[in-house]
Asker: 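Next up is a structure, given as structure tokens.
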Amino acid sequence: MSDNKVRVRFAPSPTGPLHMGGVRTALFNYLFARKHGGEFLLRIEDTDQTRYVPGAEDYIAEALNWCGITIDEGATVGGEYGPYRQSERKPLYREYAEKLIASGDAYYAFDTAEELDAIRNEYEAEKKTFTYNPDTRDNLNNSLALSADEVQAKIEAGTPYVVRFKMPVNEELHLDDEIRKHVIFNTSALDDKVLFKSDGMPTYHLANVVDDYLMKISHVIRGEEWLPSMPLHVLLYKKLGWEAEMPKFAHLPLILKPVGKGKLSKRDGDKLGFPVFPLLWTDPKTQDISSGYREDGYFPEAFVNMLAFLGWNPGTEQEIFSMEELSEAFSLDRVGKSGSKFDPEKTKWFNRQYLVTKSDEEIGQLFSKEVLAEKGIEADSDKVTRVCGMVKDRVDFISELWDQVNFFFEAPLEFDAKTAKKAWKGEAAELMQELKTILSDISDFSSANTEIIVKEWITAKEIGFGKVMNPFRLAMVGAGKGPHMFDIIELLGKDETLSRIDFACETL
RNA sequence: GGUCCGUUCGUCUAGGGGUUAGGACGCUAGAUUUUCAUUCUAGUAACACGGGUUCGAUUCCCGUACGGACUACCA
């Protein structure tokens, strides 16, 4: 770090939809930047053209945007360290590969992919694993084994080559990770990684280090899958002469399957019925659709809150955190070391917490837009607000509201058989007709007023409340559910209430 | 196979040499709501195992087991 400014980056590959684990990595980077008054960059690592998927980059940007993760600098917004797409930075990398060759820390290798595959197969047949390293490189087709003239001739002849890192022999590397603390690697167990491919593109390792250096990244916060390549990256900083500017590293634990073994995959979501992606994604090739949290009705705040608690916790008993609060509370020290199994149930619970705190008006508007409009129902917004307010603490999602309030918009055409069997028996029909008479005489149809009058009547008749209220509810709702009866009929209005009683008596 | 990382209730986790090992989700029960749900209250349930170190280890060390990542001209 040339100065102490915190600069972090999220560096996904545009190879498909962004997985929720990726979103969490982005989130932690973002929170870290906010916490320290730093900058959050988005860099697109598209050095592998063969895996490029159209639309993936837009998806990433849209997903982050939906989550409220704002990008200070990067592919979609620009900035002074651009371009932020590695494919657009292509001319930049060769120089560094050559610098490494000049210093003797890297070399040309002419082995073709096929040759290497063949060797790997031979090793495998003997139950051994082939690694391109100090033990094998002298017998392979590279500038370490060949004479200078031969190498020169091959290059001039245009023979394709890659540039490999010359891994030092038997050096013990003591590395520091912000989360895992002290980690030791011996270079003898490492291999000569390809830094520069024959297509003229750098590999992840080179591009990553070069770009982090050039973009003045202060902290590399990424998934645990990168921990094994941390020694290579550290070595690269050293050999390139950038040790003083080397960022600090933090490797995040993985998100695991809810049940069984292994890391969370798309299949788990399909099988268990929850999304693993933030947004709906349609595969451009196969047209396969993957569900998304947004389309499944999750609030971005809830999704983010849930994600933040996967591997991190504030050390207090507070669980509901706004993005502001997360930015304030976040610290790498409180990120755990072990992988977390994902719990879709808890995610629903988070959603519910946010749903309940929203105003009736807001919920009403969402419900109108997302559910009523879909069904072609037009309703007075005041009524929708009141209806939603009555039942909002019964659901986890806006979409579940319909089951709770449908009878406000459509009179029941049939009646729940189980409830009917229990509630509609004996003199139910007669009682309902009597009730209808009582109700029809009431001019002030407010909940409070109807309640007093009906209760007086029931008390005078000396029968159980259930004898009246249960069939009454069945007639109004069509089932044994719903809010306070008298609130329901106030909203339904007198005419509708009376006609529903008639319909129930005719039908049941 | 090799290298590295990890291991507290079913799950997410707090804690940390002496605690009734705390919270949350889930589940169960009771209360309330003369419906259903909510809500409230209670209950359920954990330091992977074996050796050390120590007066004392769930906590520190070492092993074992188990889990995970990596081991491509992919990121």
Side-chain angles (χ1 to χ4, degrees), chain A residues 11-15 45-48 50-51 86 109 111-113 116-117 120 124 127-132 160-164 175 177 179-180 183-186 188-191 193-205 207-208 222-231 251 253-254 256 258-259 261-263 306 309-320 334 336-350 352 356 391-395 403-404 416 419 422-423 458 464-474 476-477 479-485:
Chain A
S13 275
T15 55
E45 310 231 328
D46 54 351
T47 51
D48 185 359
T50 62
R51 294 210 308 158
Q86 289 181 330
D111 323 86
T112 64
L116 257 18
D117 277 346
R120 285 201 180 89
E124 204 157 321
K127 296 249 182 281
K128 289 194 290 187
T129 310
F130 169 76
T131 33
Y132 212 116
Y161 64 85
V162 302
V163 177
R164 283 183 182 271
L175 310 177
D177 183 278
I179 292 169
R180 275 146 233 283
V183 183
I184 303 169
F185 285 91
N186 191 300
S188 294
L190 274 19
D191 63 341
K193 277 273 178 294
V194 171
L195 300 177
F196 199 82
K197 301 186 270 188
S198 57
D199 65 358
M201 276 290 213
T203 58
Y204 170 84
H205 301 103
N208 192 262
R222 78 234 290 198
E224 192 184 353
E225 69 269 28
W226 294 111
L227 191 55
S229 46
M230 183 177 168
H251 293 274
L254 265 18
L256 276 14
V259 291
K261 301 169 179 178
K263 66 174 176 180
M306 174 280 290
F309 271 71
L310 234 39
W312 172 86
N313 76 82
T316 66
E317 285 180 4
Q318 181 182 351
E319 290 200 274
I320 301 302
R334 298 210 61 90
K337 293 181 173 68
S338 51
S340 355
K341 288 193 175 185
F342 174 64
D343 180 3
E345 286 305 314
K346 187 104 188 207
T347 313
K348 287 183 187 165
W349 177 82
F350 271 113
R352 181 188 162 64
V356 169
V391 299
K392 70 171 176 182
D393 58 3
R394 298 162 174 254
V395 297
D403 272 349
Q404 299 295 327
D416 179 65
T419 313
K422 273 209 306 222
I458 296 174
F465 273 69
K467 281 241 177 5
V468 175
M469 299 307 284
N470 289 336
F472 189 24
R473 176 174 297 279
L474 183 66
M476 294 303 112
V477 176
K481 65 175 185 188
H484 189 57
M485 264 319 291

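So that the names make sense, note that chain A is the first sequence line, chain B the second, and so on, each numbered from 1. Computed from a predicted structure; not experimentally measured.
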Asker: Please report the distance separating the C1' of rU8(B) from the corresponding atom of rG2(B), rounded so that it comes out in whole Å.
Answerer: 31 Å

Asker: Using a heavy-atom cut-off of under 4.0 Å over every strand shown, decide if Arg222(A) touches base, sugar-phosphate, or nothing.
Answerer: nothing

Asker: I'd like to know if the side chain of Lys422(A) and the backbone of Gly480(A) have a donor-acceptor N/O pair within less than 3.5 Å.
Answerer: no

Asker: Any base atoms under 4.0 Å from Val395(A), or only sugar-phosphate, or nothing? Heavy atoms, all strands.
Answerer: nothing

Asker: Measure across Thr203(A) and Val194(A) and return the closest heavy-atom pair with its distance rounded to 0.1 Å.
Answerer: OG1-O, 2.8 Å

Asker: How far does CD of Glu45(A) sit from OG1 of Thr15(A), to the nearest 0.5 angstrom?
Answerer: 11.0 Å

Asker: Using the P atom as the point on both nucleotides, what is the distance between rA48(B) and rG10(B), in whole Å?
Answerer: 11 Å

Asker: Could you work out the separation of rA21(B) and rU13(B) based on their C1' atoms and round it to a whole Å?
Answerer: 13 Å

Asker: Roughly how far, to the nearest 0.5 Å, is CD of Gln86(A) from CE of Met201(A)?
Answerer: 8.0 Å

Asker: rA14(B) C1' sits how many Å from Gln318(A) CD, rounded?
Answerer: 15 Å

Asker: Does the distance from a Lys or Arg side-chain N to an Asp or Glu carboxylate O, for Lys341(A) and Asp343(A), drop under 4.0 Å?
Answerer: no

Asker: Would you kindly give the CG-to-P distance between Leu190(A) and rC4(B), to the nearest whole Å?
Answerer: 10 Å

Asker: Spell out, as yes or no, whether a donor-acceptor pair under 3.5 Å connects the side chain of Arg473(A) to the backbone of Gly482(A).
Answerer: yes

Asker: Ignoring backbone atoms, test whether Arg352(A) places a side-chain nitrogen or oxygen under 4.0 Å from the OP1 or OP2 oxygen of rU39(B).
Answerer: yes

Asker: Could you let me know what rC70(B) is paired to, Watson-Crick or G-U wobble, both distances under 3.5 Å, or none if it's on its own?
Answerer: rG2(B)

Asker: Out of curiosity, Tyr132(A) OH to Arg120(A) CZ, how far, rounded to the nearest 0.5 Å?
Answerer: 10.0 Å

Asker: Reckon Gly311(A) touches a base, only the sugar-phosphate, or nothing at all at heavy-atom distances under 4.0 Å?
Answerer: sugar-phosphate

Asker: Ignoring backbone atoms, establish whether Asn313(A) has a side-chain N or O less than 4.0 Å from OP1 or OP2 of rA14(B).
Answerer: yes

Asker: To the nearest Å, how far apart are Phe350(A) CZ and rG23(B) P?
Answerer: 17 Å

Asker: How far, in whole Å, is rU19(B) from rG1(B) if one measures between their P atoms?
Answerer: 41 Å

Asker: In whole Å, what separates the P atom of rG15(B) from that of rG22(B)?
Answerer: 14 Å

Asker: Mind listing the N/O atom pairs, protein and nucleotides 41-49 of chain B, below 3.5 Å?
Answerer:
none

Asker: So, Gln318(A) side chain and Ile320(A) main chain: donor-acceptor pair closer than 3.5 Å or not?
Answerer: yes

Asker: Look up atom CG in Leu175(A) and atom CE in Met230(A), then write down how far apart they are to the nearest 0.5 Å.
Answerer: 4.5 Å

Asker: State the pairing partner of rC49(B); accept Watson-Crick or G-U wobble contacts with both distances under 3.5 Å, and report none otherwise.
Answerer: rG63(B)

Asker: Which whole-number value in Å describes the distance from Lys481(A) NZ to rA37(B) P?
Answerer: 12 Å

Asker: Rounding to an integer number of angstrom, what distance separates rU58(B) and rC9(B) when you compare their C1' atoms?
Answerer: 14 Å

Asker: How far does the P atom of rG23(B) sit from the matching atom of rU7(B), given to the nearest Å?
Answerer: 22 Å

Asker: How would you label the contact of Arg180(A) with the nucleic acid (heavy atoms, under 4.0 Å): base, sugar-phosphate, or nothing?
Answerer: sugar-phosphate

Asker: Below 3.5 Å, does any donor atom in the side chain of Arg394(A) face an acceptor in the base of rU38(B), or the other way round?
Answerer: no

Asker: Nearest 0.5 Å, what's the CG-OG1 distance between Asp199(A) and Thr50(A)?
Answerer: 8.5 Å

Asker: Polar pairs (N or O, both sides) under 3.5 Å between protein and nucleotides 68-75 of chain B?
Answerer:
{"residue": "rG68(B)", "atom": "OP1", "partner": "Gly262(A)", "partner atom": "N", "Å": "3.0"}
{"residue": "rC73(B)", "atom": "OP2", "partner": "Arg164(A)", "partner atom": "NH2", "Å": "3.2"}
{"residue": "rC73(B)", "atom": "O2", "partner": "Ser198(A)", "partner atom": "N", "Å": "2.8"}
{"residue": "rC73(B)", "atom": "O2", "partner": "Ser198(A)", "partner atom": "OG", "Å": "2.7"}
{"residue": "rC73(B)", "atom": "N3", "partner": "Ser198(A)", "partner atom": "OG", "Å": "3.0"}
{"residue": "rC73(B)", "atom": "N4", "partner": "Asp111(A)", "partner atom": "O", "Å": "3.0"}
{"residue": "rC74(B)", "atom": "OP2", "partner": "Lys197(A)", "partner atom": "NZ", "Å": "3.0"}
{"residue": "rC74(B)", "atom": "O2'", "partner": "Asp48(A)", "partner atom": "OD2", "Å": "3.2"}
{"residue": "rC74(B)", "atom": "O2'", "partner": "Arg51(A)", "partner atom": "NE", "Å": "3.2"}
{"residue": "rC74(B)", "atom": "O2'", "partner": "Arg51(A)", "partner atom": "NH2", "Å": "3.2"}
{"residue": "rC74(B)", "atom": "O2", "partner": "Arg51(A)", "partner atom": "NH1", "Å": "3.4"}
{"residue": "rC74(B)", "atom": "O2", "partner": "Arg51(A)", "partner atom": "NH2", "Å": "3.3"}
{"residue": "rA75(B)", "atom": "OP1", "partner": "Thr47(A)", "partner atom": "OG1", "Å": "2.8"}
{"residue": "rA75(B)", "atom": "OP1", "partner": "Lys197(A)", "partner atom": "NZ", "Å": "2.9"}
{"residue": "rA75(B)", "atom": "OP2", "partner": "Tyr204(A)", "partner atom": "N", "Å": "3.1"}
{"residue": "rA75(B)", "atom": "O3'", "partner": "Ser13(A)", "partner atom": "OG", "Å": "3.0"}
{"residue": "rA75(B)", "atom": "O3'", "partner": "Glu45(A)", "partner atom": "OE1", "Å": "3.2"}
{"residue": "rA75(B)", "atom": "O2'", "partner": "Ser13(A)", "partner atom": "OG", "Å": "2.6"}

Asker: If each of Ile184(A) and Met485(A) is mapped to the nucleotide of RNA chain B with the nearest heavy atom, which maps nearer the 5' terminus, i.e. the 5' end?
Answerer: Ile184(A)

Asker: What I want to find out is whether Glu319(A) reaches Lys346(A) closely enough, with some N-O distance under 4.0 Å, to be called a salt bridge.
Answerer: yes

Asker: Taking atom P of rG67(B) as reference, at what distance in whole Å does atom CZ of Phe342(A) sit?
Answerer: 23 Å

Asker: Please name the pair of heavy atoms, one in Ile179(A) and one in Lys337(A), separated by the smallest distance, quoted to 0.1 Å.
Answerer: O-CE, 3.6 Å

Asker: Output a table of nitrogen or oxygen pairs between the protein and nucleotides 25-30 of chain B separated by less than 3.5 Å.
Answerer:
{"residue": "rC25(B)", "atom": "OP1", "partner": "Trp349(A)", "partner atom": "NE1", "Å": "3.3"}

Asker: What is the pairing partner of rC40(B), taking Watson-Crick or G-U wobble pairs with both distances under 3.5 Å in any strand?
Answerer: rG30(B)

Asker: Report the base-pairing partner of rU11(B) (Watson-Crick or G-U wobble, both distances below 3.5 angstrom), or none.
Answerer: rA24(B)

Asker: Say you pick atom C1' in rG6(B) and the same atom in rU41(B); how far apart are they, in whole Å?
Answerer: 38 Å

Asker: Can you tell me how far apart CE (Met485(A)) and CE (Met476(A)) are? Round to the nearest 0.5 Å.
Answerer: 6.0 Å

Asker: Closest nucleotide of RNA chain B for Gly464(A) versus for Gly315(A): which of these residues is on the 5' side?
Answerer: Gly315(A)

Asker: Surrounding NZ of Lys481(A) (heavy atoms of other residues, nucleotides or ligands, distance under 6.0 Å), is the total greater than 12?
Answerer: yes

